[in-house]
*Asks:* 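So that we are looking at the same thing, I have put the structure below in structure tokens.
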2 protein chains.
Amino acid sequence: MLRISKLTDYAVVLATALSETESPRSVAQLALGTGIPAPTVSKVLKTLTREGIVVSQRGKFGGYRLARPADAISIAELIVAIEGPISVTECAESADGAACALHDDCGVRANWKKINRAVEAALEEISISDMSGPEEKLVPLLRSFRAAEENRKVVNADLTDALTEEVERYG
Amino acid sequence: MLRISKLTDYAVVLATALSETESPRSVAQLALGTGIPAPTVSKVLKTLTREGIVVSQRGKFGGYRLARPADAISIAELIVAIEGPISVTECAESADGAACALHDDCGVRANWKKINRAVEAALEEISISDMSGPEEKLVPLLRSFRAAEENRKVVNADLTDALTEEVERYG
DNA sequence: TCAAAATAGGACCATGCGAGTCCTATTTGG
DNA sequence: CCAAATAGGACTCGCATGGTCCTATTTTGA
Ligand code: SF4
Ligand code: SF4
């Protein structure tokens, strides 16, 4: 789990589709191209229009196109547009303690906040243009991933020691 | 959004609480200490027991304690235990295309998979012991975060050069 | 001027899932 | 045998998500 909503997923698919051409495309065209049902396409794009991520053109030969270059639209932005602010935990969303009953006396809150910001930052690095092309475009993400992989080896080494020690202690 | 479930959040709080002592603590004690309602504490810990993350002791003076050192229990593990496999998109969960109707003809699927693995890897780096203490403990995460921050500047300055260089080096 | 093609804005429902409670059985120690 | 604890589920309640559909508005061109 830890999932984005389906509509958000659709938003990414649609934005990626829109990044392929400059000219506006209608809901019908996009529905045909992506396989997403037309009413749903409409719903998503209306929201993205309100959020200033795509621009709409009414009337004949109208449709939707990206408001900015595909490099300047991040995954994080799309998530925020559809689902609201990125917040892995409840307390990460609202600054005040209204969301969670444990807020005032929670020892892990500060660290969750850091995690939240890290996830947010990572998703801000990924643009629509990164999604459209081959996977090699995901450079920033891959770099972080690799760093994490290397670090895991260190942790695993420590883990092995810890386990043997644990086995000795508890049988 | 992009939120973990509340029960998962509780799992982290409880695991962190358990990491403070070696001796088993009862549901009542933990409920008192954390502020989480006792029935909910019980539910979460029963799940964590099934998943082998904590061990239980029945009868008088029984309770729960961590099955492993706090360094060897990751946030990712807790999420998986409560919510199931980490999957930012539907298609990331099940390998086959059963989950999503667009699966077979989806251009962004491969890239989402990479993102999913990166998030997964990052959360595997963070242990319960990282959560309990001061924020300085979140070293791996901060490392990724810093890398992403630095990379953003590079991307903004000259995306093309960074890409070609990166592809040559790792590709 | 009118009709067609498109989006804008909601209203609407249905269903699944998360959160939380509670009951009964089982284990364990005194 | 009793008391204290967990094990395992069943159960309900509420609400967010997904999805559809209807009507108004804008735009273009015949
Ligand atoms: S305050 Fe603590 S328990 Fe509440 S949402 Fe934040 S991290 Fe979770
Ligand atoms: S296949 Fe494409 S549309 Fe379906 S869940 Fe995966 S990324 Fe989203």
Side-chain angles (χ1 to χ4, degrees), chain A residues 1-11 13-14 18 23-32 34-65 67 79 81-84 87 89-90 93 99-102, chain B residues 1-11 13-14 18 23-32 34-65 67 79 81-84 87 89-90 93 99-102:
Chain A
M1 279 299 165
L2 193 70
R3 179 146 337 155
I4 62 172
S5 77
K6 197 144 198 177
L7 292 190
T8 305
D9 192 355
Y10 288 160
V13 171
L14 289 168
L18 285 176
S23 58
R25 265 177 293 174
S26 72
V27 165
Q29 286 176 311
L30 289 166
L32 205 62
T34 60
I36 305 170
T40 304
V41 172
S42 174
K43 182 175 198 172
V44 170
L45 289 179
K46 275 185 282 190
T47 304
L48 294 185
T49 302
R50 271 196 299 271
E51 299 292 323
I53 295 172
V54 307
V55 292
S56 64
Q57 173 68 31
R58 288 187 178 183
K60 249 181 184 173
F61 309 120
Y64 295 92
R65 64 181 173 81
I79 295 177
I82 303 290
E83 312 184 10
S87 59
T89 59
E90 280 190 5
E93 189 161 20
C100 176
L102 312 186
Chain B
M1 281 299 163
L2 192 71
R3 179 146 336 157
I4 62 172
S5 76
K6 198 145 197 176
L7 291 189
T8 305
D9 191 355
Y10 289 159
V13 171
L14 289 168
L18 285 176
S23 58
R25 265 177 295 175
S26 72
V27 165
Q29 286 176 311
L30 290 165
L32 206 61
T34 60
I36 305 170
T40 303
V41 172
S42 173
K43 182 176 199 173
V44 170
L45 289 179
K46 276 184 281 190
T47 305
L48 294 185
T49 303
R50 270 197 299 271
E51 299 291 324
I53 294 171
V54 307
V55 293
S56 64
Q57 174 65 31
R58 288 187 178 183
K60 249 181 184 173
F61 309 120
Y64 296 92
R65 61 178 177 84
I79 295 177
I82 304 290
E83 312 184 9
S87 59
T89 59
E90 281 191 4
E93 189 162 22
C100 176
L102 313 186

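The sequence lines fix the lettering, A, B, ..., with proteins before strands; numbering per chain opens at 1.
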*Asks:* Please report the distance, rounded to the nearest Å, between CG in A:Leu30 and P in C:dA6.
*Replies:*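 Roughly 12 Å, once rounded to whole Å.
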*Asks:* Between B:Ser23 and B:Arg65, is the side chain to side chain donor-acceptor pair (under 3.5 Å) condition met? List the steps.
*Replies:* CA-CA 7 Å; B:Ser23 58; B:Arg65 61 178 177 84; over 6 Å; no
*Asks:* Using a 4.0 Å heavy-atom cut-off, does B:Leu45 contact any base of the nucleic acid, only the sugar-phosphate backbone, or nothing at all?
*Replies:*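 No contact at all - B:Leu45 keeps every heavy atom at 4.0 Å or more from the nucleic acid.
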*Asks:* Which nucleotide in the set C:dA19, D:dG9, D:dT27 lies at the smallest distance from any side-chain heavy atom of B:Lys46?
*Replies:*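 Comparing C:dA19, D:dG9, D:dT27 against the side chain of B:Lys46, the answer is D:dG9.
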*Asks:* Do the side chain of B:Lys60 and the base of C:dG30 come within less than 3.5 angstrom through a donor-acceptor pair of N or O atoms?
*Replies:*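 In this structure, the two groups form no donor-acceptor pair.
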*Asks:* From D:dG8, C:dA8, D:dT28, pick the nucleotide closest to the side chain of A:Tyr64?
*Replies:*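 From the listed options, C:dA8 comes nearest.
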*Asks:* Remember a base hit wins even if backbone is also touched, and classify A:Ser42 as base, sugar-phosphate or nothing at under 4.0 Å, heavy atoms.
*Replies:*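 No contact.
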*Asks:* Of A:Met1 and A:Gly59, whose closest DNA chain C nucleotide lies nearer the 5' terminus?
*Replies:*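 By nearest-heavy-atom nucleotide position, the 5'-most residue is A:Gly59.
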*Asks:* Side chain of B:Thr40 only, please: which of C:dG20, C:dG30, D:dG19 is the nearest?
*Replies:*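 The answer is C:dG20, which lies nearest to the side chain.
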*Asks:* Expressed as a whole number of angstroms, how long is the span from A:Glu51:CD to C:dT7:C1'?
*Replies:*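 Rounded to the whole Å, the gap is 17 Å.
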*Asks:* Between C:dA8, D:dG19, D:dA5, which one does the side chain of A:Lys6 approach most closely?
*Replies:*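 Given the options C:dA8, D:dG19, D:dA5, the side chain of A:Lys6 is closest to D:dG19.
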*Asks:* To the nearest 10°, let me know how far the axis at one end of the helix from C:dT1-D:dA30 to C:dG30-D:dC1 is tilted from the axis at the other, five pairs an end.
*Replies:*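 Angle reported: 10°, given to the nearest ten degrees.
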*Asks:* As a quick check of understanding, evaluate side-chain contact (heavy atoms from CB on, under 4.5 Å) for A:Gln29 and A:Tyr64, giving each step before the final call.
*Replies:* CA-CA 10 Å; A:Gln29 286 176 311; A:Tyr64 295 92; over 6 Å; no
*Asks:* Does B:Gln57 have a side-chain nitrogen or oxygen under 4.0 Å from the phosphate oxygens OP1 or OP2 of D:dA4?
*Replies:*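 False: B:Gln57 side-chain N/O out of range (4.0 Å or more) of D:dA4 OP1/OP2.
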*Asks:* Test B:Leu45 against B:Leu18 for side-chain contact (heavy atoms from CB on, under 4.5 Å), laying out the working first.
*Replies:* CA-CA 11 Å; B:Leu45 289 179; B:Leu18 285 176; 4.2 Å; yes
*Asks:* For the pair made of CG in B:Leu7 and C1' in C:dT21, what is the distance, rounded to whole Å?
*Replies:*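 In whole Å, C:dT21 C1' and B:Leu7 CG are 12 Å from each other.
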*Asks:* Would you say D:dG8 has OP1 or OP2 under 4.0 Å from some side-chain N or O of B:Arg50?
*Replies:*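 For D:dG8, OP1/OP2 do have a side-chain N/O of B:Arg50 under 4.0 Å.
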*Asks:* Whole-Å distance between C:dG20 P and B:Asp9 CG?
*Replies:*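 Atom CG in B:Asp9 sits about 11 Å away from atom P in C:dG20.
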*Asks:* Nearest to the A:Ser5 side chain among D:dT17, C:dA6, D:dG19, which nucleotide is it?
*Replies:*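 For A:Ser5, the side-chain atoms sit closest to D:dT17.
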*Asks:* Taking atom P of C:dA5 as reference, at what distance in whole Å does atom CZ of A:Arg25 sit?
*Replies:*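 Rounded to whole Å, this separation is 20 Å.
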*Asks:* Check the phosphate of D:dA7 against B:Ser56, side-chain N and O only, distance under 4.0 Å to OP1 or OP2. Yes or no?
*Replies:*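 Yes.
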*Asks:* Could you go step by step and tell me if B:Thr47 and B:Leu7 meet the side-chain contact (heavy atoms from CB on, under 4.5 Å) rule?
*Replies:* CA-CA 10 Å; B:Thr47 305; B:Leu7 291 189; over 6 Å; no
*Asks:* Looking only at non-hydrogen atoms, find the nearest pair between A:Ser56 and A:Thr49 and report the distance.
*Replies:*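 Where A:Ser56 meets A:Thr49 most closely, the heavy atoms are OG-CG2, 3.9 Å.
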*Asks:* Please state whether the phosphate of D:dG18, meaning OP1 or OP2, lies under 4.0 angstrom from any side-chain nitrogen or oxygen of A:Tyr10.
*Replies:*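 No, outside the criterion.
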*Asks:* Given D:dG8, C:dC22, D:dC21, which nucleotide is nearest the side-chain atoms of B:Pro39?
*Replies:*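 Per side-chain heavy atoms of B:Pro39, the pick is C:dC22.
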*Asks:* Heavy atoms only: give me the nearest A:Glu51-A:Ala81 pair and the separation to one decimal.
*Replies:*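 Minimum heavy-atom contact is CG-CB, 3.7 Å.
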*Asks:* From CG of B:Leu18 over to P of D:dT6, roughly how many Å is that when rounded to an integer?
*Replies:*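 The answer, rounded to whole Å, is 11 Å.
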*Asks:* Would you mind telling me which residue lines up with the more 5' stretch of DNA chain D, A:Ala38 or A:Arg58, judged by nearest nucleotide?
*Replies:*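 In this pair, the answer is A:Ala38.
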*Asks:* Among the nucleotides C:dT7, D:dT20, C:dG29, which one has an atom lying closest to any side-chain atom of A:Val27?
*Replies:*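 Per side-chain heavy atoms of A:Val27, the pick is C:dT7.
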*Asks:* Select one nucleotide: of C:dT7, C:dA19, C:dG29, the one nearest the side-chain heavy atoms of B:Lys43.
*Replies:*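 Nucleotide nearest to B:Lys43's side chain: C:dA19.
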*Asks:* Can you tell me the distance, in whole Å, between the CD atom of B:Glu90 and the P atom of C:dC17?
*Replies:*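 Checked: the CD to P distance equals 10 Å.
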*Asks:* Return yes if some donor-acceptor pair links the side-chain N/O of B:Glu83 with the main-chain N/O of B:Ser5 below 3.5 Å, else return no.
*Replies:*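 At least one qualifying donor-acceptor pair exists.
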*Asks:* Of all the heavy-atom pairs spanning B:Arg3 and A:Ser87, show the shortest one and how long it is.
*Replies:*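 Closest approach of B:Arg3 to A:Ser87: NH2-OG, 2.7 Å.
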*Asks:* Look at the side-chain N and O atoms of A:Ser26 and state whether any lies under 4.0 Å from the OP1 or OP2 oxygen of C:dT7.
*Replies:*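 No, no such contact exists.
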*Asks:* What's the closest nucleotide to the side chain of A:Phe61 if the choices are D:dG29, D:dA7, C:dA19?
*Replies:*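 Nucleotide nearest to A:Phe61's side chain: D:dG29.
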*Asks:* Show your reasoning for whether side-chain contact (heavy atoms from CB on, under 4.5 Å) applies to B:Leu48 and B:Ile82.
*Replies:* CA-CA 8 Å; B:Leu48 294 185; B:Ile82 304 290; 4.0 Å; yes
*Asks:* Specify the separation, in whole Å, of atom CD1 of B:Ile82 and atom C1' of C:dC17.
*Replies:*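 Checked: the CD1 to C1' distance equals 15 Å.
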